[in-house]
Amino acid sequence: MTTKSKSSVPGDKASSSLLLSSPPFQRLITKEGRCAFRVPLSSSGSWSKSLHRAWLLALQDLWGLLVNLRWRWTLLAFCSSFVAHWLFFACLWYLLAHLNGDLDVQDHDAPPQGHVVCVKYITSFSAAFSFSLETQLTIGYGTMFPSGDCPSAIALLAVQMLLGLMLEVFITGAFVAKLSRPQKQAGAIQFSPQAVVGQHLGQTCLMIRATNLLKRPLVDVKLSAVLYECEGQALHQTSLDFYLDHLGQKACPLFIFPLTFYHPLDPQSPLYPALCEGSATNFELVVFLSALQEGTGDSCQKRTSYLRQEIKLNHCFAPAFRIDSRGRYTVSTQHLRC
């Protein structure tokens with residue numbers, strides 16, 4: 001919902017008719033900031049080749065894949081990786097006991113003369129799995145233990161511990177990285193669902209509002225945009241600059257309340273032909289807000305996009321602040337009003 005402004009934008013009638021008649025345009029970036037563009041993994045169109053290519057790409061960036069997974073899949077990967085590790089080495093311990101002849105020994109406390117039991121009391125696969133689990137978790141109940149006179153058991157024990165430590169470090173690092181991702185802070189930034197075109201300080205401007213929903217402030221806030229124009233089979237990219245009130249192109253030092261960013265729609269603006277002259281070119285305006293977290297100094301970025309029909313002409317934003325009965329500032333998250 002919006003409120004009318006007294007000012008007018010050149011070519012308003014032509015632009016309004018184009019907004020109603022223009023065909024739907026496929027987004028490159030969703031409103032939540034996710035990429036909606038998909039590149040085919042195989043030019044041949046074969047499903048098996050595409051799947052094989054997807055697996056190769058996933059293995060090349062295994063860390064990024066694990067960090068970007070949803071929490072339920074991360075927990076599943078955590079559990080399955082450790083269970084698979086225990087099962088794999090349980091098979092190796094059972095194979096070692098079989099090759100060494102330990103499975104045929106009736107009493108491991110009194111083995112035949114000349115026979116060295118590599119790991120005492122591994123007489124079945126379940127016992128081998130139990131020993132693998134105890135070894136990895138360093139439980140050490142004391143019943144099963146490797147013999148110092150069996151070099152194969154010592155070597156296998158060292159390999160399991162080394163690989164187990166590497167797995168623990170990898171999984172723990174992924175958990176820490178997921179918990180400290182800057183995207184979590186960026187998720188608290190809310191853009192106005194629509195951009196507006198109206199008057200600001202006597203100049204026709206495109207206006208976009210952003211709100212920080214958390215109490216933790218952000219610093220060094222900058223907003224930029226890229227205009228994607230589709231002309232036939234070509235996709236052109238043009239950068240747009242936004243300024244914040246009288247700060248100009250300088251970064252906003254503190255982001256604790258709603259900010260309205262402005263882009264002047266003068267003849268030098270790439271958006272001027274589309275919005276003010278009634279051009280029928282399809283376009284998508286992708287907006288990038290970059291900021292730093294005050295506590296850690298980590299950078300975060302929030303994205304969104306606006307299609308032609310999501311830019312309202314001759315409208316303005318509702319006031320972002322109001323003062324309650326106690327004289328305190330309250331922030332409104334409703335970007336637009338009637």
Side-chain angles (χ1 to χ4, degrees), residues 1-2 19 22-40 54 57-58 61 64-75 174 177-197 206-218 220-230 235 237-240 242 244 252 255-261 263 271 282-293 296 298-312 315 317-318 320 331-337:
M1 295 185 297
T2 55
L19 293 179
S22 59
F25 183 66
Q26 176 64 44
R27 288 185 182 275
L28 297 175
I29 302 295
T30 66
K31 297 296 287 184
E32 294 77 22
R34 293 190 295 269
C35 181
F37 185 73
R38 294 292 181 266
V39 179
L57 292 175
D61 188 21
L65 175 66
L66 186 60
V67 170
N68 291 313
L69 284 176
R70 293 181 179 271
W71 272 109
R72 56 178 176 268
W73 299 115
T74 302
L75 293 175
K178 283 184 69 67
L179 290 172
S180 60
R181 281 189 306 171
Q183 288 90 334
K184 297 302 180 182
Q185 175 74 43
I189 301 174
Q190 182 188 72
F191 284 105
S192 56
Q194 298 164 329
V196 300
V197 175
L206 172 69
M207 293 174 273
I208 296 173
R209 177 171 289 178
T211 304
N212 183 11
L213 301 179
L214 293 181
K215 293 183 179 181
R216 298 191 299 270
L218 297 173
D220 291 338
V221 181
K222 297 180 181 179
L223 189 133
S224 59
V226 175
L227 178 66
Y228 294 92
E229 296 178 281
C230 182
L235 187 65
Q237 306 177 48
T238 310
S239 63
L240 275 76
F242 282 80
L244 185 66
C252 178
F255 185 15
I256 56 176
F257 45 80
L259 301 176
T260 303
F261 296 88
H263 170 74
L271 271 175
N282 285 322
F283 70 86
E284 180 176 353
L285 182 66
V286 181
V287 179
F288 306 87
L289 188 146
S290 302
L292 298 179
Q293 300 185 46
T296 62
D298 295 332
S299 62
C300 61
Q301 184 187 82
K302 179 70 174 183
R303 299 181 295 269
T304 191
S305 70
Y306 298 95
L307 300 180
R308 178 191 289 271
Q309 58 268 24
E310 294 171 342
I311 299 178
K312 301 301 180 181
H315 289 70
F317 284 116
V331 178
S332 173
T333 58
Q334 299 296 325
H335 299 287
L336 302 173
R337 69 175 184 181

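Both backbone and side-chain heavy atoms feed into the values below; hydrogens, waters and symmetry mates do not. Model, not experiment: these values are computed from the prediction.
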### Message
Test your reading of the model: is there a side-chain donor-acceptor pair from Lys31 to the backbone of Phe191, 3.5 Å cut-off?
### Response
no

### Query
So how far is it from Leu240 CG to Leu227 CG, rounded to the nearest 0.5 Å?
6.0 Å

### Query
For Thr30, which residues count as a side-chain contact (heavy atoms from CB on, under 4.5 Å) partner, sequence neighbours excluded?
Glu32, Arg34, Ala36

### Task
Find the distance between CG (Leu307) and CG (Leu285) and round it off to the nearest 0.5 Å.
9.5 Å

### Message
Quick check for you: to the nearest 0.5 Å, what is the distance between Leu66 atom CG and Thr74 atom OG1?
### Response
5.5 Å

### Query
Which atoms form the tightest heavy-atom contact between Glu310 and Ser305, and what is the distance?
OE1-O, 3.6 Å

### Query
Does any non-hydrogen side-chain atom of Thr238 lie less than 4.5 Å from one of Phe283?
no

### Query
With side chains defined as the heavy atoms from C-beta onward, is the minimum distance between Leu289 and Phe261 less than 4.5 Å?
yes

### Query
Heavy atoms, side chains only, cut-off 4.5 Å: are Val221 and Asn212 in contact?
no

### Task
Heavy atoms only: give me the nearest Gln194-Tyr306 pair and the separation to one decimal.
C-CE2, 3.6 Å

### Nearest heavy atoms of Phe288 and Val226, plus distance in Å
CE1-CG2, 3.8 Å

### Query
Hey, what do you get for CG (Leu218) to OG (Ser290), rounding to the nearest 0.5 Å?
11.0 Å

### Query
What are the two closest heavy atoms between Phe317 and Ile208, and how far apart are they?
CE1-N, 3.9 Å

### Query
Of the non-hydrogen atoms in Lys178 and Val67, which two are nearest, and what is the gap between them?
NZ-O, 3.1 Å

### Query
Looking only at heavy atoms, what is the nearest atom pair of Ile189 and Lys302, with distance?
O-CE, 3.2 Å

#### Entry: Spatial distance of atom CD1 (Ile311) from atom CE (Met207) [nearest 0.5 Å]
11.5 Å

### Task
Measure the spacing between CG of Leu271 and CD of Glu229 and express it to the nearest 0.5 Å.
7.5 Å

